[in-house]
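Note sheet for the following structure.
So you know, we letter chains A, B, ... as the sequences are listed, proteins then strands, and number each from 1.
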Amino acid sequence: MTKADKIVEIYKVLYKSYGPQGWWPFLDHEGTNSLKVGNTQGYHILDYSFPRNELEVFEVCLGSILTQNTSFNSVVKSLRNLKNKNALTPEAIHEMDIDELKLCIKPSGYHNQKSRYILEFITFFNALKGEVPSRDRLLEVLGIGEETADSMLLFGYKQLEFKVDAYTRRILLSLGLIDEKAKYDEIKQLMQEALSASITQKDERLIVYQEYHALIVNHAKLFYSKKPYGRNCFLHEMF
DNA sequence: TTCCAGGCAATAC
DNA sequence: GTATTGCATGGA
């Protein structure tokens, strides 16, 4: 069984175990439906029409910054703080007092850094005028590294960019599919080549990229949060 | 109390 | 180029 085959099989097993996850965005920007805010079971499961507009794209990007090295429950608190002030828009945050912004995002940590990152991103976002940013341009923005860029592109802009995070590394390392010093791009290419080969339809592949990452996070929270990583992980029994 | 969380930039070597 | 460090809050 090749690495690519294993990567495809892992997805099938995770999906069968946990089901579709339904991630970003989290808040209802149109008032037409009620998203399950803060529900760990998912927010809009099996509805892949999201994000439906620029505001929802913005929320995904904002969440991508806020979730850096931070649990997502904390991020949801910050987003709700902003939403409650009717300030979950680039314009409102831009006009907001910086200390007020810091207070809103305080639950998700690093508020001094992240407030600056957010303001830098808003300037960038406004200049886009609705266009999809290139990955390289995103990486030039202060506070946006590889994972955050891919997070914005995959979940916000529906681009075929696989998001690699610490959990992805741990699982792949534990299963012997990468080595410790594997770089971000190496892991990303491994995942993308495996999935591209087995899923020719782009719309379908996008959904799998999104769900796969979400499934990895869900699975890793259960088996890869405490050392030794991967203890009792049922994926080990597959190969 | 300690450890960890859906990383990043700055700095040191 | 690679390794280390500071950043901050909240929950287990």
Side-chain angles (χ1 to χ4, degrees), chain A residues 11 14 18 20-26 37-43 50-51 59-82 98-121 124 135-157 161-174 179-188 191 208-231:
Chain A
Y11 178 75
L14 291 179
Y18 305 118
Q21 298 297 296
W23 262 25
W24 272 315
F26 296 88
V37 176
N39 185 337
T40 54
Q41 294 306 304
Y43 299 82
F50 295 88
E59 189 214 295
V60 174
C61 294
L62 204 55
S64 298
I65 293 171
L66 290 174
T67 197
Q68 290 168 358
N69 204 35
T70 304
S71 73
F72 206 84
N73 283 335
S74 299
V75 175
V76 171
K77 286 180 186 169
S78 297
L79 292 176
R80 295 182 77 176
N81 285 341
L82 290 166
I98 181 89
D99 290 325
E100 191 181 359
L101 173 59
K102 288 180 181 177
L103 193 60
C104 286
I105 67 173
K106 207 157 190 169
S108 31
Y110 310 115
H111 56 272
N112 291 308
Q113 293 184 20
K114 287 179 177 174
S115 59
R116 187 176 168 204
Y117 294 169
I118 289 167
L119 292 174
E120 296 269 352
F121 175 74
F124 175 80
R135 190 170 188 273
D136 286 341
R137 289 287 310 282
L138 272 174
L139 290 172
E140 292 172 3
V141 179
L142 185 73
I144 300 181
E146 292 187 290
E147 183 184 339
T148 305
D150 287 334
S151 184
M152 292 177 175
L153 290 169
L154 178 60
F155 290 100
Y157 289 99
E161 304 283 353
F162 197 91
K163 175 182 176 180
V164 176
D165 68 340
Y167 286 146
T168 311
R169 284 179 177 280
R170 281 181 203 173
I171 292 176
L172 294 179
L173 180 61
S174 181
D179 57 75
E180 309 94 15
K181 55 180 181 62
K183 294 190 170 189
Y184 185 99
D185 200 54
E186 183 183 340
I187 300 170
K188 178 177 174 177
M191 300 300 288
V208 171
Y209 279 18
Q210 292 183 346
E211 293 287 5
Y212 205 154
H213 175 74
L215 286 165
I216 283 172
V217 172
N218 189 71
H219 181 67
K221 279 179 177 171
L222 297 175
F223 300 105
Y224 291 82
S225 285
K226 286 182 295 186
K227 293 182 178 178
Y229 296 143
R231 185 171 53 187

Taking atom P of dC4(B) as reference, at what distance in whole Å does atom CZ of F72(A) sit? 22 Å
Distance test, side-chain N/O of T148(A) to OP1/OP2 of dC8(B), below 4.0 Å: yes
For atom OH of Y117(A) and atom P of dG7(B), their distance in whole Å: 13 Å
When the P atoms of dG6(B) and dG6(C) are considered, how many whole Å apart are they? 23 Å
If you only use heavy atoms from C-beta on, which nucleotide in dG10(C), dG6(B), dG7(B) is closest to the side chain of Q68(A)? dG7(B)
Among dA8(C), dG10(C), dG6(B), which is the nearest nucleotide to the side chain of H111(A)? dA8(C)
Nearest-Å distance, CG (D185(A)) to P (dT2(C))? 13 Å
Determine whether the aromatic ring centres of residues F26(A) and F72(A) are separated by less than 6.0 angstrom. yes
With rounding to whole Å, what would you report as the distance between dT11(B) and dA8(C) at their P atoms? 15 Å
When all nucleic acid strands are considered with a 4.0 Å heavy-atom cut-off, which category describes V141(A): base, sugar-phosphate, or nothing? sugar-phosphate
Tell me: CG of N81(A) to C1' of dA8(C), nearest whole Å? 15 Å
For dA5(B), does either OP1 or OP2 sit under 4.0 Å from a side-chain N or O belonging to N73(A)? no
Under 4.0 Å, heavy atoms only, any strand: does K183(A) hit a base, just the sugar-phosphate, or nothing? sugar-phosphate
Sugar-phosphate only, base, or nothing, as touched by I65(A) at under 4.0 Å among non-hydrogen atoms: nothing
Indicate, with a heavy-atom threshold strictly under 4.0 Å, whether K226(A) touches base, sugar-phosphate, or nothing. nothing
Could you check how far CD1 of I105(A) sits from P of dG7(B), rounded to whole Å? 16 Å
If you only use heavy atoms from C-beta on, which nucleotide in dG6(B), dA8(C), dG11(C) is closest to the side chain of F26(A)? dG6(B)
By nearest atom, which of the nucleotides dA10(B), dG7(B), dG6(B) is closest to the L142(A) side chain? dA10(B)
Can you check whether W23(A) stacks with the dG6(B) base, using ring centres under 5.5 Å and planes within 30°? yes
Counting only side-chain nitrogens and oxygens, does R169(A) get under 4.0 Å of the OP1 or OP2 atom of dG7(B)? no
Report which part of the nucleic acid Q113(A) touches: base, sugar-phosphate, or nothing (heavy-atom distance under 4.0 Å, all strands). base
Grab the OH-C1' distance between Y110(A) and dG6(C) for me, whole Å please. 8 Å
By nearest-heavy-atom nucleotide on DNA chain B, the more 5' of T70(A) and I144(A) is T70(A)
Across the strands shown, which category fits R170(A) at heavy-atom distances under 4.0 angstrom: base, sugar-phosphate, nothing? sugar-phosphate
Which distance, rounded to the nearest 0.5 Å, do you find between the CD of E180(A) and the CG of L173(A)? 5.5 Å
I'd like to know whether CZ of R135(A) has more than 12 heavy-atom contacts from other residues, nucleotides or ligands below 6.0 angstrom. yes
Only residue of Y229(A), Y18(A), Y212(A) satisfying ring-ring contact (aromatic ring centres under 6.0 Å, His included) with H219(A) is Y18(A)
Answer with base, sugar-phosphate or nothing: what part of the nucleic acid does I216(A) contact at a heavy-atom distance below 4.0 Å? nothing
Can a donor-acceptor pair be found between the side chains of N81(A) and S78(A) at a distance below 3.5 Å? no
Mind checking whether Y167(A) and Y224(A) have ring centres under 6.0 Å apart? no
For N69(A) and dG11(C), give me the distance from atom CG to atom P, rounded to whole Å. 16 Å
Atom pair distance, as rounded to whole Å: CE in M152(A) and P in dG7(B): 14 Å
